[in-house]
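The structure under discussion appears below in the form of structure tokens.
Every chain is numbered from 1, with letters handed out A, B, ... down the list of sequences.
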Amino acid sequence: MSAHENLPAPAHFIRHIIDSDLETNKNGGTVVTRFPPEPNGYLHIGHAKSICLNFGLAAHYNGRCNLRFDDTNPEKESDEYVQAILQDVAWLGFQWHELRYASDYFEQLYAYAVQLIKDGKAYVDSASAAQIRASRGTLTEPGTPSPDRNRPIAENLDLFQRMRAGEFADGQYVLRAKIDMASANINLRDPSLYRIRRVHHQRTGDQWCIYPLYDYTHCLSDAIEGITHSICTLEFEDHRPLYDWVLNTVKTPCHPQQIEFARLQLEYTLVSKRKLNQLVTEQHVTGWDDPRMPTLAGLRRAGVTPAAIRNFCERIGVTKKDAWIELGVLENCIREDLNQHSLRVMAVLQPLRVVIENYPNGQTQWLELSNHPQRPELGTRKLPFSQVVLIEQSDFAENPPPKYKRLVLGGEVRLRGAYIIKCHEIVKDSEGRIVELRCHYDPDTLGKNPVGRKVHGVIHWVSAEHSLPAQIRLYDRLFRLPNPDTQEHFLTALNPQSLVVLDHCRVESSLAGAPEESRYQFERTGYFCVDRDSTENKMVFNRTVTLRENWVQD
RNA sequence: UGGGUCGUCGCCAAGCGGUAAGGCACGGGGUUUUGAUCCCCGCAUACCAAGGUUCGAAUCCUUGCGACCCAGCCA
């Protein structure tokens with residue numbers, strides 16, 4: 001638990017609305033929310049904000065939150081997505097009160113539509129999609145009524161029944177609400193309620209050939225479930241009058257209140273489902289769970305914890321302002337949680353051989369290292385030390401820059417948790433590349449500092465003989481630009497360095513057998529997570545995030 | 001040019017007529033066998049602008065300006 005996690009969740013405008021509803025006993029003192037994903041893609045960080053909001057509100061007010069799939073467009077939806085969403089919501093740490101599907105209500109929705117027709121509030125239109133579009137008018141000009149607008153009720157009823165019965169071709173007819181073709185709000189210009197579409201639905205199969213549209217389905221589904229506060233994003237603000245019209249006209253006993261908040265916009269990331277899908281399909285990433293993806297599955301595979309995401313969602317707030325969150329906020333939440341909970345371990349990404357000439361050849365000494373310097377209760381581990389160790393190539397410099405604190409020729413450095421060594425010779429190959437360092441160690445520096453001199457640098461290392469081979473994947477932001485969408489084509493904003501695979505890494509022996517998804521801090525290099533691609537012969541780690549680097553080279 | 005919304009520090013964000021919380025970022029210092037963590041300190045006389053009401057305005061009024069969303073048989 002970090003200090004922050006103990007702080008009360010900050011209130012926001014939706015909480016204020018609910019508070020006053022509770023004061024006036026508006027919904028009998030209850031709070032019922034829902035998270036309503038469409039199963040047409042994987043959940044991403046933007047959904048996490050909505051999930052945390054809806055489930056968080058229910059928890060805060062001792063209410064309930066349903067998970068409801070908005071599965072009214074079978075063309076784009078599938079069971080694969082349903083299963084993935086179920087998993088991701090649970091992984092994020094939330095339990096739904098009830099699992100529902102809008103398709104559960106198809107029969108009820110149909111009955112409501114029949115009622116609407118009988119009340120003269122809906123009609124069957126034979127206009128084509130193009131004709132409807134053309135007659136809708138523009139932002140500044142009113143639409144023109146369809147010739148079918150005044151079709152007799154009996155005829156509408158007959159036609160609608162036959163639409164359901166499959167007597168007509170896809171697109172031949174559509175059921176429209178009869179509202180106001182001259183409304184300044186385009187959503188009220190007789191919106192379509194039902195379309196004919198012969199598509200297999202992942203839950204209802206071929207039972208239906210007509211499917212209800214969002215504006216009609218969503219509000220009624222909310223009402224059926226007794227939702228008190230229907231929270232959605234800003235772009236639905238214009239739809240609220242329609243939401244209310246449907247509920248008022250159908251005369252449902254329950255009338256949820258739609259409240260809109262600003263969706264998450266995170267720098268260097270993209271959350272358009274269509275574009276994420278394209279990244280997967282065109283193999284710019286390895287899949288929906290590629291660690292560079294902003295999906296929950298991707299974040300999970302990268303090693304991000306549910307707690308970090310929840311904390312992030314809390315920290316960014318809930319408002320109606322069109323805001324962009326800096327990536328650093330997310331990274332900070334990730335580091336905060338990982339710093340607290342990750343065991344420290346040593347791994348050398350790009351090894352450089354160091355021979356300690358005065359250390360007995362063949363001798364192995366088991367050193368005890370702390371698993372977490374600030375949390376002794378997390379215990380210690382034994383690490384083998386021997387004559388040949390591997391250090392990071394970047395931890396030695398033949399021509400060190402100013403303020404360089406690592407190893408140089410003739411200089412000393414501390415091998416973390418072990419001895420101080422001094423380099424006295426550089427061994428190069430025929431092409432002048434440094435292949436080995438010859439050093440001496442000071443046997444009197446284990447667990448204590450030498451007297452008479454100060455050694456500032458501390459570097460990580462592993463025993464050449466005992467360490468394990470590993471592949472380490474260094475992930476970075478997928479895009480080079482804060483807002484990839486400003487490009488004429490978002491793919492041009494892809495970061496060519498978003499993945500660097502290192503294949504000759506060596507990790508300390510204590511990591512043997514570490515299970516998939518276990519997270520560690522590789523001291524001085526960052527936080528890493530065991531990938532499922534690990535094999536018995538070679539472990540695979542994904543970098544979740546680097547450590548902060550506060551120092552500036554001048 | 002229609003309708004709907006929004007505008008408080010570099011980025012988020014409290015504030016709801018009584019004299020600008022907090023987080024991230026940034027700058028300075030301390031501790032440290034991770035250039036990490038941790039700990040101090042600093043960081044809006046100012047709330048899109050201009051008028052007005054008021055003893056008093058980020059909060060109320062007026063007028064501007066800027067940004068976002070809407071013309072799917074998608075959600």
Salt bridge present between A:Arg149 and A:Asp190 (N-O < 4.0 angstrom):
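Here A:Arg149 pairs with A:Asp190 in a salt bridge, since their nearest N and O are under 4.0 Å apart.
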
With a 3.5 Å cut-off and heavy atoms only, can you find an N or O donor on one side and an acceptor on the other between the side chain of [X] and the base of [N]?
X        : N     : answer
A:Asp238 : B:G3  : yes
A:Glu141 : B:G2  : no
A:Gln374 : B:U37 : yes
A:Arg524 : B:U34 : no
A:Arg197 : B:C73 : yes
A:Arg406 : B:G35 : yes

When all nucleic acid strands are considered with a 4.0 Å heavy-atom cut-off, which category describes [X]: base, sugar-phosphate, or nothing?
X        : answer
A:Ala323 : sugar-phosphate
A:Ile132 : base
A:Thr72  : sugar-phosphate
A:Gln521 : base
A:Arg548 : sugar-phosphate
A:Glu38  : sugar-phosphate
A:Tyr173 : nothing
A:Ser128 : base
A:Lys405 : base
A:Arg189 : nothing
A:Leu139 : base
A:Ala127 : base
A:Lys448 : base
A:Pro373 : base

Would you mind telling me which of [options] lies closest to the side-chain atoms of [X]?
X        : options             : result
A:Asn187 : B:C11, B:C70, B:A13 : B:C70
A:Asp322 : B:C16, B:A75, B:A67 : B:A67
A:Asn332 : B:C74, B:C24, B:A67 : B:C24
A:Arg315 : B:G3, B:C24, B:C12  : B:C24
A:Phe236 : B:A71, B:A75, B:U37 : B:A75
A:Lys321 : B:C73, B:C11, B:U8  : B:U8
A:Glu235 : B:U5, B:A14, B:A75  : B:A75
A:Arg136 : B:U34, B:G72, B:C12 : B:G72
A:Arg195 : B:U37, B:G72, B:A75 : B:A75

Give me the distance, rounded to whole Å, that separates [N] from [M] when you measure between the [atom1] atoms they each carry.
N     : M     : atom1 : result
B:C74 : B:G66 : C1'   : 31 Å
B:C26 : B:G18 : C1'   : 33 Å
B:C6  : B:U62 : P     : 15 Å
B:A14 : B:A21 : P     : 15 Å

Short side-chain donor-acceptor distance under 3.5 Å, [Y] and [X]:
X        : Y        : value
A:Glu523 : A:Gln521 : no
A:Tyr419 : A:Gln365 : yes
A:Glu392 : A:Ser394 : no
A:Tyr105 : A:Arg100 : yes
A:His218 : A:Arg34  : yes
A:Asp222 : A:Tyr243 : yes
A:Asp322 : A:Gln265 : yes

Using a 90° cut-off around 0 for syn, call B:G28 syn or anti.
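Base orientation relative to the sugar is anti.
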
Report yes if a side-chain nitrogen or oxygen of [X] is closer than 4.0 Å to either non-bridging phosphate oxygen (OP1 or OP2) of [N]; otherwise report no.
X        : N     : value
A:Thr138 : B:A71 : no
A:His16  : B:G15 : yes
A:Asn339 : B:A36 : no
A:Asn550 : B:U37 : yes

For [N], the Watson-Crick or wobble partner whose two distances fall under 3.5 Å:
N     : value
B:C24 : B:G10
B:G2  : B:C70
B:U63 : B:A49

Gap separating the CG atom of A:Leu349 from the CG atom of A:Asp395, nearest 0.5 angstrom
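A:Leu349 CG to A:Asp395 CG: 10.5 Å, rounded to 0.5 Å.
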
Measure the distance from CD on A:Glu392 to C1' on B:U34 and round it to the nearest whole Å.
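Distance check: A:Glu392 CD to B:U34 C1' gives 13 Å.
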
